[in-house]
Amino acid sequence: SIEIVQNPPVIIDTIKTNLIKIKGEENKEPVKTKNSGQQIFAENFGPYKDESMDPASRSGNNLQPFEKFQLYYWEGNAKNAYAVFDSLKTSDKQNDNLRFLYANVLMSLNKTQEASLILNGIIQNHKSIYSAEAKYYLALCNIKAGKIEEAQKNLKTYLADGDAIQISNAKKILKELD
């Protein structure tokens, strides 16, 4: 006869969680835990868009890689925008305005380390119309990476910039980080 061996039953460790209630503490509100960097990033990240980017006037046929990239970006199709970026002309890949959009694509694909390198370059070059917004998005990358002090510094710099658009979000994030 064949010996049948049964696995022993799974015993769940049941440490009692009923702590002795201290008098007067029953009605105390639970302690709020700070949001994690992942959660703050998820709540506040959305690819940057403005009306000037709207490709509504372009048709879907015979688009150049540059136009495809813009169309995919506008539609929120990060995977296709990411794939098309490599087929752009070298001069387009070096354009800080397009690099800003590409950094947003990378952030959408959870490639925040790579995006932060691009955003740092954009900020240092001062050539993009999105230089101010690059500071905000760099702060989001910092938050996701757990670099809270850098994120706070970038948000403060962003708020001091006269071209900042997402001021209320930046202030809210700063409060959450304190």
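Keep in mind that what you see is a predicted model, and the values were worked out from it rather than measured.
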In Å and rounded to the nearest 0.5 Å, what is the CG to CZ distance from Asn95 to Phe100? 12.5 Å
CG of Asn110 to NZ of Lys144: how many Å apart, nearest 0.5 Å? 3.5 Å
Using the side chain to side chain contact (heavy atoms under 4.5 Å, CB included) rule, pick out the option among Thr157, Leu159, Asn120, Asp163 that qualifies with Lys135. Thr157
Spacing of Gln64 atom CD and Leu88 atom CG [to the nearest 0.5 Å]: 10.5 Å
Just wondering, do Val105 and Tyr72 contact through their side chains at under 4.5 Å, heavy atoms? no
Report yes if the side chains of Glu43 and Glu176 come closer than 4.5 Å at any heavy-atom pair, otherwise no. yes
Do Tyr136 and Ile165 have side-chain heavy atoms sitting under 4.5 Å apart? no
When Lys153, Gln152, Lys147 are each screened for side chain to side chain contact (heavy atoms under 4.5 Å, CB included) with Glu150, the one that passes is Lys147
Is it true that a side-chain atom of Tyr73 and a backbone atom of Asn104 form a donor plus acceptor pair closer than 3.5 Å? no
Hey, can you tell me if Phe85 and Tyr102 have their rings parallel, tilted or perpendicular (30° and 60° cut-offs)? parallel
In sequence, state the C-alpha distance, the side-chain angles, and the governing distance for Asn80 and Lys68, and then conclude on side chain to side chain donor-acceptor pair (under 3.5 Å). CA-CA 9 Å; Asn80 284 346; Lys68 284 182 184 178; over 6 Å; no
Does some side-chain heavy atom of Ile40 sit less than 4.5 Å from a side-chain heavy atom of Leu177? yes
I need the Asn154 CG to Leu119 CG distance, nearest 0.5 Å. 9.5 Å
Under 4.5 Å between side-chain heavy atoms, counting indirect links through other Ile/Leu/Val/Met/Phe/Trp/Tyr residues: same cluster for Leu117 and Ile143 or not? no
I need the full list of salt bridge (Lys or Arg N to Asp or Glu O under 4.0 Å) pairs touching residues 87-106, with sequence neighbours left out, sorted by first then second residue. Asp96-Arg99
Once rounded to the nearest 0.5 Å, what's the spacing between atom OH of Tyr158 and atom CG of Leu138? 12.5 Å
